[in-house]
Amino acid sequence: MFQDIEEKLSAVFENQLKNKFGIDAKVNVGQPRQGSFGELAIPVAFQLARQLKRAPKQIAEQLLDGIAPIEGVASLEIAGNGYINVRLDRGAFAGSLLDETPRIGTRPTGKVIVEHTNINPNKAAHIGHLRNAILGDTFVRMLCRRGQPVEVQNYIDNTGVQVADVVAGFHCLEQKTLADVQALIEDSNIRFDYFCWDLYARISAHYKEHPETLKWRTDTLHAIESGHGELAALAHLVADAIVEAHLTTMYRLGIEYQVLPRESEILHLKFWAAAFELLKQRNAIYFEEQGKNKGCWVMPASAFRNSMVAKEPEGGESGEDSKVIVRSNGTVTYVGKDIAYQLWKFGLLGKDFFYRVWSAYPDGHTVWVTTDQHTEEDAPHFGGAAKVFNVIDSRQSYLQDVVVAGLRALGFHEQADASVHFSYEMVALSPRTCVEMGIPLTEEDRKRAYVEVSGRKGLGVKADDLVDKLIETALEEVDQRHPDAPASERHQVAGQIAVGALRYFMLKFTRNSVIAFDFHEALSFEGETGPYVQYAAVRAGNILRKYRERGEQIPEFRRVLNRDTLRRCFEADALWQLLLLASKSDSMVERAIASGEPAHIAKYAFQLAQSFNNFYHEYPVITEPDTERRNVLLWLTDYVRAQLLATLDVLGITQPSYM
RNA sequence: GGGGGCGUAGCUCAGUUGGAUAGAGCAUCAGCCUUCUAAGCUGAGGGUCGCAGGUUCGAUCCCUGCCGCCCCUACCA
């Protein structure tokens, strides 16, 4: 609703600009610093001052001269030395919110693919992976809210070095057979993903102490790539079990996927071979005859380093920064496979996967996985998107640049522009949390704001451990507050609070801020946290519930409220500001999509919750004696609650039945 | 060396694409529970927006140069 007014104002003033001055320009609508200045502010006169060589105030006056009345706008005033402040007709605005039917966004642009999670299937997920998945999932929810068709992909690198290392760990270090590992997976007394976490740390340490055994890795990698034999079977067994563990972990947080494209199929279905041919044909890569990359197929640095133009020093070492795509032993690097994958996402490869059902979520949705065998299953059409978002941490920006450069070198400029590296900074650990976990720190580390963790060393916070700890902490609170409630219900509530806390924690930071993970902070349910927002929603619900419990009926607001009533009641600024803020949720989602910052929505949810909590203390609703006024307060409560829940839904946070 | 990011309250961070008196949370201090549950609310203190220039009506935001920190710069991903 608020968005409609913003758009209308922009349009009106853009029109005025054209009529009065013959200027075509975009008019931004902002918000005044103080509520007393009005609801909206238009600083356009300042922008034109120089161009027209006239005082901003004069321009503003001329813009307002003879302007037609705008529906929903009470007045336009010139303030300061040229601001145009807009005051809304509060009664009309509130009335239109009352009549508003929730609109489903209709933006018929093409399909968008969001790829996120992408955890190496060789060990349990950790908190860094949580940031990726939560960020990606929330972005998906944002797009869906606006009516955008979205396809969620979780890429499975099941033929990479990390899987090979764990397979080598089982085979060489542990001397385990396929059947042994199968038994391990089925053993309900151990967590297979946790077992692999430790095994991965052990094999990594072993390689370090005995570098000669690195041959295990190479051999295993070759075996996996060939796709035949016991080691390849073992790799599939391990990777599939770990993928299942990851999906289970993410489902706890409300995160689902539609399709799992696997690297093994990229290889077996010759996706890479096709991409390789294309790259060679268009001279996007070349065979290096000399230097350190001799014998490799490489992409020249000039392809992905556009800023380095004609800056050839003396040595002429142009091959120095080029990127190896095919190794001298003939195997393809990750980037090469990623180029093939990216081409497929846009439907540019002329090939497709086969698909089979991986599993069905408890809520009924199915996840598909790629396969190299033809199946009878009736899979939806995957791939072929107009725009692609790859949620990948910012340390990989160099590789993402290479992938996009690959597209560009092949002449797919439109798709290169539509490839977005949705990057984010890493999750590190606060020194305090390292100490708590018994991770050894150097003197220098102690002084730092954060310490980077290492999967290879087995150091880090496992995702499920964190979730368990959050649930445990939340449950203590719930037990204290509601000792008489059924245990299953208390568990459910604690689970919702835990997820709310975790998702909000991961979303409150903007993407390029490094999170220094701290248990104390993450386990807090007070202040700017998910539970704070959930609590506000629960309180709003309690008002309505209590009202009904008194034997009263929630009135049919459209019938009992009219514009005059609304106008009178919303003369009170506190009430009006709350209503106004609540009406901005669509506008906020739109802005957050434009800026690519889910954090903005988290911030908005918090502000709205805060605003409601103020209201909650200031205005007793159900004991309000004046019927008309009580109806307005009830409606406001109901409306804010609905907007709060809708916003929480975008964040993937649910409302507990009590707190 | 090159590429990218960051520097805002004691700490952790926002700051709506250049606008009016720079905001939250935590921490500290002082208040508020017989009330629609205090996971809450109210108030106080706390700032050279890293430093110096520039662009203009106006700069935390844009440009340049320094200072400091981080990430990347593999035939690992």
Side-chain angles (χ1 to χ4, degrees), chain A residues 28 30-34 37 41 43 46-47 49-50 55-56 79-83 118 120 157 160-162 165 217 292-298 301 305 307-308 311 313 320-321 323-329 331 333-335 338 392-399 401 423 425-426 428 430 448-450 452 456 474 477-478 481-482 497 501 508-510 512-516 518 520-521 524-529 531-532 534-536 538-547 550 587-588 591-592 594-595 597 599-600 603 606-607 610 613-614 616-623 637 658-659:
Chain A
N28 287 323
Q31 284 163 49
R33 189 148 284 288
Q34 285 178 30
F37 287 154
F46 293 106
Q47 288 158 32
R50 195 174 338 151
N81 46 353
Y83 284 96
N118 303 3
N120 269 305
D157 180 6
V161 173
Q162 294 211 20
D165 282 352
R217 173 189 283 171
K292 61 169 185 168
N293 292 334
K294 185 176 177 185
C296 300
W297 285 89
V298 303
R305 290 259 168 91
S307 54
M308 284 185 61
K311 196 189 162 196
E320 193 66 20
D321 294 326
K323 176 67 196 166
V324 171
I325 306 296
V326 178
R327 304 182 186 103
S328 53
N329 67 4
T331 58
T333 61
Y334 177 83
V335 192
D338 215 13
I392 302 175
D393 87 70
S394 61
R395 285 173 289 195
Q396 297 194 44
S397 62
Y398 166 67
L399 296 181
D401 287 348
S423 72
E425 271 291 350
M426 63 180 168
S430 74
R448 291 179 168 211
Y450 55 85
E452 195 175 347
R456 256 175 212 289
E477 295 284 327
V478 176
R481 285 154 213 254
H482 306 277
I497 292 170
K508 71 194 274 194
F509 303 92
T510 48
N512 51 14
S513 166
V514 176
I515 296 182
D518 187 273
H520 182 74
E521 244 178 83
S524 164
F525 299 151
E526 288 168 15
E528 199 199 331
T529 64
Y532 176 96
Q534 289 173 308
Y535 190 52
V538 167
R539 283 175 139 185
N542 284 351
I543 293 177
L544 302 169
R545 182 172 51 80
K546 274 276 162 66
Y547 190 68
R550 284 189 163 207
S587 172
M588 288 298 170
R591 278 168 194 264
S595 61
E597 280 292 2
H600 292 164
K603 225 76 192 177
F606 176 65
Q607 278 168 7
Q610 206 172 30
N613 274 334
N614 278 314
Y616 183 89
H617 279 268
E618 198 95 1
Y619 296 85
V621 176
I622 62 182
T623 55
T637 302
Y658 54 80
M659 279 183 79

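Owing to the predicted nature of the structure, the values given are computational and were not obtained by experimental measurement.
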### Query
When all nucleic acid strands are considered with a 4.0 Å heavy-atom cut-off, which category describes Asn120(A): base, sugar-phosphate, or nothing?
sugar-phosphate
## Note on the structure
Note: for Pro56(A) and Phe46(A) on RNA chain B, the residue whose nearest nucleotide lies more 5' is Phe46(A)
### Query
Has the side chain of Thr333(A) got a donor or acceptor atom sitting under 3.5 Å from an opposite partner on the base of C75(B)?
no
Between protein and nucleic acid, restricted to nucleotides 71-73 of chain B and to nitrogen or oxygen atoms under 3.5 Å apart, what atom pairs and distances do you find?
none

### With Ser423(A) via side chain to side chain donor-acceptor pair (under 3.5 Å) - residues at least two apart
none
### Summary
Between Tyr334(A) and Gln31(A), whichever has its closest RNA chain B nucleotide further toward 5' is Gln31(A)
### Query
What string of B, S and - do you get for nucleotides 32-37 of chain B, 5' to 3', when a contact is any protein heavy atom under 4.0 Å?
----BB
### Task
Determine whether the side chains of Tyr532(A) and Asn613(A) contain a donor N or O and an acceptor N or O closer than 3.5 Å.
yes
### Message
Counting Watson-Crick and G-U wobble pairs with both distances under 3.5 Å, what is the dot-bracket string for RNA chain B, 5' to 3', using [ ] for crossing pairs and | for pairs to another strand?
### Response
(((((((..((((.....[...)))).(((((.......))))).....(((((..]....))))))))))))....
### Task
For Arg448(A), check side chain to side chain contact (heavy atoms under 4.5 Å, CB included) against everything at least two apart and list the hits.
Asp445(A)
#### Entry: Asn613(A) side-chain proximity, nearest of G40(B), C75(B), C57(B)
G40(B)
### Minimum-distance nucleotide (side-chain atoms of Asn512(A) versus G19(B), A39(B), C6(B))
C6(B)
### Query
Going by an N to O cut-off under 4.0 Å, is there a salt bridge joining Lys603(A) and Glu528(A)?
yes
Using a cut-off of under 3.5 Å, enumerate the N/O to N/O pairs linking the protein to nucleotides 22-29 of chain B.
residue: G25(B); atom: OP1; partner: Gln610(A); partner atom: NE2; Å: 3.1
residue: G25(B); atom: O2'; partner: Glu528(A); partner atom: N; Å: 3.4

